[in-house]
Amino acid sequence: MGRFYVTTPIYYVNDVPHLGTAYTTVVVDALRRFHQLVGDETFMLTGTDEHGLKIERAAKAEGLEPKAFTDGISARFREAWPKLDIEADKFIRTTDSDHKAFVTELWKKVEANGDLYEGEYEGWYCVGCESLKTEKELEQPGNLCATHKAPAELVKESSYFFKLSNYQEKLLAFYESHPNFIKPESRRNEVLSFVRGGLRDLSVSRTTFSWGIPVPGNPKHVMYVWFDALANYLSALGGEESDLKKFWPTNDKSETEQVVHVVGKDVLRFHAVYWPAFLLSAGYKESELPDVIYAHGFLTVDGQKMGKALRNSIDPLKLAAELGVDTLRYQMLRAIPFGQDGDFNHEALLERYNADLGKNVGNLLSRVLGLCTKMTDGKHPADPLDSGTEVEVPLFKDYGYCTTEALSGWMAFAPHYALEWTMKLANSANLYVDRAAPWTAAKNGESARVKTILSRLLRVLEALSVMLWPAIPAKANEMRAQLGLPPMEVSVGKSHWPTSMPDRHPGLALAPSGPLFPTYDEPARKAMLAKLVPPAAAAAAAEAVSPPVAGSNASAAPADAAGTISYDDFAKVDLRVGLVKTAEKVPKKDKLLLLTVDVGEAEPRTIIAGLALSFAPEALVGRRVVVVTNLAPREFGSAEIGGKKVKLVSHGMLLASGPSEDLRLATIDADCAPGSRLK
RNA sequence: GCCGGAGUAGCUCAGUCGGUUAGAGCGGGCGUUUCAUACGCGCUAGGUCGGGGGUUCGAAUCCCUCCUCCGGCACCA
């Protein structure tokens with residue numbers, strides 16, 4: 001047990017929350033949750049960076065005072081995160097007065113140490129980048145900044161410089177003795193070679209604008225945004241007497257006390273070079289520097305680089321509303337190896353959701369709860385026999401392995417790895433259900449055996465709910481609710497990581513409440529994809545026709561998340577009256593009937609319908625039903641019919657309602673001609 | 001131009017100090033079970049391990065070279 005202080009970068013308010021910032025913040029929240037789970041005292045910080053020329057100008061453009069302008073954007077960030085189930089302990093703003101006071105003090109310490117001097121500097125300055133450009137970097141004609149395509153300005157001004165050059169050797173020595181300071185390894189090498197290449201003094205003040213923290217004793221100058229911004233990680237913890245100071249441990253810090261800055265690779269240098277240099281200069285000792293600067297990669301979206309236009313077209317909050325927060329979080333954490341660049345691919349997202357969450361975990365929960373409903377009165381079985389048989393061996397082995405690997409994945413800032421092993425445990429449990437076959441034991445009257453099996457499965461499910469909680473807290477708790485368990489609770493000093501199987505809860509009532517992760521079938525998948533990545537034109541059109549759906553159904557099932565559709569969308573569905581000509585049971589497929597249905601075409605259609613539990617084949621012949629006729633054909637495997645093996649391909653769908661053992665058919669109340677269109 | 005990293009099955013990637021038939025997940029294909037969310041389980045990928053050359057008894061794994069991609073640096077910070 002220890003302390004875990006984790007930060008996101010503070011986000012510059014020249015932009016609103018987008019997929020990239022959401023990604024960083026989700027990962028940090030997941031790390032925070034994991035450390036809470038293992039009993040650490042945690043503190044998560046995020047916030048906004050609000051000073052600088054760029055902001056001053058943006059405010060002016062909108063006719064606002066800078067503070068009023070930043071108030072608005074900052075609020076958007078603060079309000080966004082809870083919608084992604086991110087619970088930061090503090091949201092800092094660089095315009096907070098205590099932050100400003102802290103930075104002023106920091107400046108004075110650096111100055112007292114003799115590391116600041118006044119000089120002059122001249123260069124091409126790009127407002128967008130907040131930085132100087134070399135002539136080579138500018139595009140001609142017009143001295144355009146390559147990134148912003150805007151003209152750079154030739155500036156010459158008096159400036160304070162920080163003697164960064166004094167810190168080259170100290171930093172190198174520090175990196176040497178703290179191999180984990182910069183992660184991942186490849187980034188560390190980059191920084192190392194950068195620093196070895198020589199450090200020049202850093203201009204740390206500006207006189208060309210006033211929206212910033214004034215330099216003490218020389219208010220014509222405001223501090224360079226990075227000097228101001230980096231200090232937030234410390235200023236957020238308050239003054240000397242603040243209780244939060246403990247999160248920034250000093251000399252006596254132990255192995256288990258960590259200060260971790262998660263940053264994008266674009267701002268790594270500021271964090272890995274400037275920040276420790278500033279701290280050393282201000283009198284902080286090596287032991288008082290942060291422990292880990294973890295640089296993550298950038299996301300592409302469906303293989304495309306996230307330019308500003310694309311970025312703005314992908315609103316993480318809207319994604320969360322459409323897909324469910326947990327699906328979004330899961331994808332961010334599972335699909336992208338943390339530290340590397342990754343692709344946020346919408347198709348892969350749905351595939352991943354179906355495979356991992358739907359089929360592997362969700363269905364496991366569902367089948368185990370189903371078995372308990374039938375075999376143990378819907379309760380956790382009482383006093384199960386606990387002697388294992390051979391069937392248990394792989395499960396126990398996997399359990400130990402998976403929980404250990406997942407734990408070390410989280411410890412090593414590798415959520416993707418942790419979740420991979422979490423899934424392997426679910427997979428192993430699914431296998432165990434098959435091997436142990438409680439239904440067979442039940443038929444043989446071995447009720448003790450049945451209880452043993454189900455008890456074990458329930459315990460694995462509980463463990464899974466814990467292991468998933470850092471990544472998908474809301475769904476993990478829903479899962480627990482179905483298992484009859486209270487929401488996840490954490491407590492400082494106590495690890496809840498399920499290193500050994502959770503205790504039994506004999507007699508505790510289960511509360512199944514339907515699929516936890518309803519999978520997307522082919523049509524639903526297509527519909528969701530169309531919604532998430534609409535062609536630009538279609539998006540604009542859709543926007544005009546239907547108002548955006550409110551984002552309150554964040555955790556709703558896909559079926560509900562569909563929201564409203566336009567009439568045009570509805571009109572795409574071709575519903576027709578069909579007359580059932582023949583019907584027969586499909587051998588070896590309990591639920592399936594093979595129908596031929598006249599929908600007004602030359603030949604009756606072959607339709608496979610899952611009606612067998614509710615209808616005898618002969619009861620359907622001659623009935624008028626409602627058929628979706630333009631659904632893509634779907635395969636149902638193959639079966640032997642009339643002595644021949646045939647592929648089962650359905651060319652339509654009958655509309656019906658109810659559970660599969662008690663279905664009601666949608667029908668039509670008169671003898672309409674087969675093929676009549678419904679509207 | 002310099003310095004890194006990467007290029008392995010359709011996709012995303014693992015491959016430790018060089019060593020038996022190159023692996024996993026997903027998708028696809030085939031089979032199978034019925035407790036379950038048309039779900040689970042089993043089988044299935046015949047991939048010149050980017051190209052070429054070399055070292056070695058033996059290389060995806062070491063060396064050289066070329067190609068492609070990404071990142072960092074390049075009299076800017």
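In what follows, every heavy atom counts, from backbone to side chain, and hydrogens, waters and symmetry copies are set aside. Every chain is numbered from 1 and lettered A, B, ... according to where its sequence line falls, protein lines coming before strand lines.
Phe162(A) comes within contact range of no nucleotide atom at all, as no heavy-atom separation falls under 4.0 Å. Residue Leu516(A) is classed as a base contact, given a heavy-atom separation below 4.0 Å to a base. Asp434(A) comes within 4.0 angstrom of a base, heavy atoms only.
Between Glu392(A) and the options Arg435(A), Arg456(A), Lys397(A), a salt bridge (charged side-chain N to carboxylate O under 4.0 Å, His left out) holds for only Arg456(A).
The side chain of Lys359(A) has G27(B) as its nearest neighbour among U37(B), G27(B), G42(B).
Crowding of Tyr401(A) atom OH: a count of heavy atoms from other residues, nucleotides or ligands under 6.0 Å not exceeding 12.
We find that NZ of Lys183(A) is positioned 16 Å from C1' of G5(B), with the value rounded to whole Å. One interatomic measurement links the two molecules: OH of Tyr274(A) to P of A77(B), which rounds to 9 Å at whole-angstrom precision. Regarding Leu192(A), its CG atom lies at a distance of 21 Å from the P atom of C2(B), rounded to whole Å. Distance Leu458(A) CG to C35(B) C1': 13 Å, rounded to the nearest Å. When rounded to the nearest whole Å, the span between OH of Tyr224(A) and C1' of A77(B) equals 6 Å. The NZ-C1' distance, from Lys443(A) to U33(B), rounds to 11 Å in whole Å. One can place CZ of Arg206(A) at 10 Å from P of A77(B), the figure rounded to the nearest angstrom. Taking atom NZ on Lys374(A) and atom C1' on A36(B), their separation rounds to 8 Å, with Å as the unit.
Of the residues near RNA chain B, Asn189(A) and Ser428(A), the one whose nearest nucleotide (by heavy atom distance) lies more toward the 5' end is Asn189(A). Nucleotides of RNA chain B nearest to Asp356(A) and Ser186(A) differ in position, and the one nearer the 5' end is that of Ser186(A).
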| request: Determine, step by step, whether Phe344(A) and Tyr23(A) satisfy the ring-ring contact (aromatic ring centres under 6.0 Å, His included) criterion, reporting the C-alpha distance in whole Å, the side-chain angles of both residues, the deciding distance to 0.1 Å, and the verdict. | output: CA-CA 10 Å; Phe344(A) 188 88; Tyr23(A) 172 64; 8.8 Å; no
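Scanning residues 195-202 of chain A for heavy-atom distances under 4.0 Å to RNA chain B yields Arg200(A), Leu202(A).
Separating the P atom of G54(B) from that of A60(B) is a span of 15 Å, rounded to the nearest Å. Only the P atoms considered, A24(B) is 23 Å distant from C62(B), to the nearest whole Å. Taking the C1' atom of each, G19(B) and A59(B) are spaced 9 Å apart, rounded to whole Å. Comparing the C1' positions of C3(B) and U56(B) gives an interatomic distance of 30 Å, to the nearest angstrom. G47(B) and G7(B) are spaced 15 Å apart, taking the C1' atom of each and rounding to whole Å. Comparing the same atom, P, in U68(B) and in G28(B) gives a spacing of 36 Å after rounding to whole Å. Straight-line distance between the P atoms of C13(B) and A22(B): roughly 23 Å, to the nearest whole Å. The separation of G25(B) from C43(B), taken at their P atoms, amounts to 10 Å, rounded to a whole angstrom.
Remark: G25(B) base-pairs with C11(B). Criterion, Watson-Crick or G-U wobble with two distances under 3.5 Å. Under the Watson-Crick and G-U wobble criteria, each requiring two contacts below 3.5 Å, nucleotide C62(B) is paired to G54(B). Using the Watson-Crick or G-U wobble rule with both distances under 3.5 Å, C69(B) pairs with G5(B).
Under the 3.5 Å distance criterion, the side-chain polar atoms of Asp341(A) are left unmatched by any main-chain donor or acceptor of Thr300(A). Proximity of a side-chain donor or acceptor of Arg188(A) to a complementary backbone N or O of Ile182(A) within less than 3.5 Å is not detected.
Between Arg187(A) and Glu190(A), at least one side-chain nitrogen of the basic residue sits less than 4.0 Å from a carboxylate oxygen of the acidic one, meeting the salt-bridge criterion. Salt bridge annotation for Arg196(A)-Glu176(A): absent, with no cationic side-chain nitrogen under 4.0 angstrom from a carboxylate oxygen.
Regarding contacts with the backbone of G25(B), every side-chain N or O of Asn427(A) stays at 4.0 angstrom or more from both OP1 and OP2. Side-chain N/O atoms of Lys424(A) include none lying less than 4.0 angstrom from OP1 or OP2 on A24(B).
No side-chain N or O of Ser465(A) forms a donor-acceptor pair with one of Glu462(A) less than 3.5 Å apart. Judged by distance alone, the side chains of Tyr417(A) and Glu405(A) do bring a donor and an acceptor atom under 3.5 Å apart. No side-chain N or O of Tyr432(A) forms a donor-acceptor pair with one of Asp398(A) less than 3.5 Å apart.
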Distances under 3.5 Å between protein N/O atoms and the N/O atoms of nucleotides 68-73 of chain B, please, pair by pair.
{"from": "G71(B)", "atom 1": "OP1", "to": "Lys305(A)", "atom 2": "NZ", "distance (Å)": "3.4"}
{"from": "G71(B)", "atom 1": "O2'", "to": "Arg187(A)", "atom 2": "NH1", "distance (Å)": "3.0"}
{"from": "G71(B)", "atom 1": "O2'", "to": "Glu190(A)", "atom 2": "OE2", "distance (Å)": "2.9"}
{"from": "G72(B)", "atom 1": "O3'", "to": "Arg269(A)", "atom 2": "NH2", "distance (Å)": "2.9"}
{"from": "C73(B)", "atom 1": "OP1", "to": "Arg269(A)", "atom 2": "NH1", "distance (Å)": "3.0"}
{"from": "C73(B)", "atom 1": "OP1", "to": "Arg269(A)", "atom 2": "NH2", "distance (Å)": "2.0"}

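The aromatic rings of Tyr274(A) and Phe270(A) stand perpendicular to each other, their planes meeting at an angle above 60°, with 30° marking the opposite boundary.
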